[in-house]
There are 2 protein chains.
Amino acid sequence: MAYRKTPAELERLSSAREHLIQQATDVVAEVGWAQASVNAVAAAAGIAAGSVYQHFPSKAALAVEVFRRASGREVEVLGEVLRSPGDPVERLTRGVEVFARRSFERRGLAYALLAAPAEPAVGAERLEYRRQYRALFAEVVREGVAAGVLPAQNPEITAAALTGAVGEVLADPLGAADGDFADPLISELTAMSLRCLGAARGSTG
Amino acid sequence: MAYRKTPAELERLSSAREHLIQQATDVVAEVGWAQASVNAVAAAAGIAAGSVYQHFPSKAALAVEVFRRASGREVEVLGEVLRSPGDPVERLTRGVEVFARRSFERRGLAYALLAAPAEPAVGAERLEYRRQYRALFAEVVREGVAAGVLPAQNPEITAAALTGAVGEVLADPLGAADGDFADPLISELTAMSLRCLGAARGSTG
DNA sequence: TGAAGGTCTGAACGGTGATTCACTGCTTCC
DNA sequence: GGAAGCAGTGAATCACCGTTCAGACCTTCA
């Protein structure tokens with residue numbers, strides 16, 4: 001019979017899907033979730049609106065996939081930094097710094113992940129994303145407390161606070177046009193994070 | 001001629017408007033912005049959907065008014081606490097505590113103000129609201145630094161971090177069903193805030 | 001080559017919910 | 001009392017997408 005998909009065809013389909021996800025991500029980073037209509041996304045990917053439904057059952061499913069890909073990368077990177085060997089306080093500082101620096105490098109995307117208005121399905125995904133960040137931070141805080149380099153505290157709360165604090169401090173500048181103040185802002189941010197953790201003073205830079 | 005509005009009539013109109021705002025606030029607190037349709041709000045206020053447009057030019061205008069009223073009250077209360085006489089660190093601690101406690105007392109509303117998905121007009125208002133919070137906190141941090149009871153730091157950043165940290169820590173529990181853990185959570189939160197400020201350790205409770 | 005069965009297209013459809021408007025009825029004031 | 005004119009009504013209208021689908025076009029394979 002004349003109908004099994006050839007490997008080349010499967011490959012073509014799969015890469016069309018990837019291309020769609022990639023373009024959708026760019027659109028979201030540029031105009032936000034609210035403005036990223038099926039038509040806009042399809043146009044960016046160079047396909048018809050209807051063709052989106054070849055790859056995803058609904059717009060929400062595509063949006064969730066876009067969010068997961070992007071947030072997954074961030075969680076992975078942060079996880080690597082936080083779990084690298086060395087002093088917990090040092091690792092936490094670098095974690096905050098990496099988080100902030102990457103946000104500045106892809107502002108639109110960072111804003112979409114952190115704060116931009118979004119449909120409920122994406123909102124739910126965002127909660128999960130923040131939960132993961134919190135868990136990563138909490139783990140290292142716990143370690144620091146156990147090692148005696150950090151004072152007694154509730155690691156989950158400190159971790160949540162760090163996530164929220166970094167997000168809030170970044171939210172404004174992420175919306176602004178230029179990021180020339182990124183460096184001083186980041187060093188203030190890490191200093192604040194260290195205080196937040198209750199780390200001994202001294203090595204702020 | 002027979003058409004100028006009598007004072008009683010003006011009063012009736014104005015109180016109808018107030019009633020509408022009040023009911024709309026309750027609806028938003030209960031079901032969130034997204035579910036607060038013109039019909040739902042009008043029904044709650046006991047009027048027809050069309051009558052909403054006697055008082056506001058659009059749904060967005062009503063939503064903005066609802067947000068402003070509620071956020072204005074919060075800013076006012078926090079301002080009073082933060083500007084009361086006394087030690088800056090003490091005032092900041094009480095500010096965080098009051099913020100958190102009031103949020104627990106009216107969870108639905110607090111969530112609507114802090115985090116619930118909303119139309120762009122409300123989103124813009126929310127930015128302004130956070131900016132006000134930040135300004136209030138920053139003022140006292142600046143004072144504390146000047147008085148030497150807080151270490152050198154960028155007050156704007158610390159203030160933003162405090163706002164974000166408190167919001168993030170509260171967001172989850174505000175969504176949850178019961179608030180029995182409110183007290184321990186609040187004391188952890190104030191302890192974290194003190195560290196964040198770099199206040200000398202010791203008086204955590 | 002051509003039949004079978006895919007993929008792609010994009011105009012049309014449908015649901016949702018804000019907004020309008022012809023109408024009813026009330027209040028004002030001569 | 002009654003004319004003038006505004007407030008209130010709520011069904012109809014409008015606008016905006018997400019989603020569907022009939023047909024055009026491709027790819028596969030005997």
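We name chains A, B, ... by the order of the sequence lines, and we start the count at 1 in each one. Every heavy atom of this structure was used, including side-chain atoms; hydrogens, water molecules and symmetry mates were not. Not measured: the values here are computed from a predicted model.
If you measure from atom CD1 of I47(A) to atom P of dG18(D), you get 14 Å, rounded to the nearest angstrom. What separates CD of Q54(B) from C1' of dG5(D) is a distance of 13 Å, to the nearest Å. Note: CD (E119(B)) to P (dC16(D)) measures 16 Å, nearest angstrom. Between the CG atom of L10(B) and the P atom of dC6(D) there is a distance of 13 Å, given to the nearest Å. Here dT19(C) presents its P atom at 15 Å from NE2 of H55(B), a figure rounded to the nearest Å. As a whole-Å value, the separation of L62(A) CG from dT19(D) P is 10 Å.
Taking only side-chain atoms of L13(B), from C-beta outward, the nucleotide of dT19(D), dT7(C), dG8(D) with the closest atom is dG8(D). Set against dT19(C), dG8(D), dT7(C), the side chain of Y53(B) has dT19(C) as its closest nucleotide. For S51(A), taking side-chain heavy atoms from C-beta onward, the closest of the listed nucleotides dT19(D), dT9(D), dT9(C) is dT9(C). Side-chain atoms of A48(B) lie closest to dG10(D) of the nucleotides dG18(D), dG10(D), dA7(D).
Side-chain nitrogen and oxygen atoms of R12(A) include none within less than 4.0 Å of the OP1 or OP2 phosphate oxygen of dG6(C). For the OP1/OP2 pair of dA7(D) and a distance below 4.0 Å, the side-chain nitrogens and oxygens of R17(B) include no atom meeting the criterion.
Shown here is R94(B), whose CZ atom has no more than 12 heavy atoms of other residues, nucleotides or ligands within 6.0 Å. Residue R17(A) qualifies as enclosed at atom CZ: its count of foreign heavy atoms under 6.0 Å is above 12.
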Checklist entry - For R69(A) and E18(A), what are the C-alpha separation, side-chain angles and deciding distance, and is it a salt bridge (charged side-chain N to carboxylate O under 4.0 Å, His left out)? => result CA-CA 11 Å; R69(A) 294 281 184 107; E18(A) 291 303 307; 2.9 Å; yes

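In this model, a donor atom of one side chain and an acceptor atom of the other lie less than 3.5 Å apart for Q153(A) and T158(A).
Ring geometry for F99(B) versus Y133(B): interplanar angle of 30 to 60°, hence tilted.
A salt bridge links E128(A) to R131(A): one of the charged nitrogens lies within less than 4.0 Å of a carboxylate oxygen.
Residues of residues 24-40 of chain A that place a heavy atom closer than 4.0 Å to DNA chain D, in numerical order, are S37(A), V38(A).
Scanning all heavy atoms of the two residues, the minimum distance from L136(B) to R83(B) falls at CD2-NH2, 3.6 Å.
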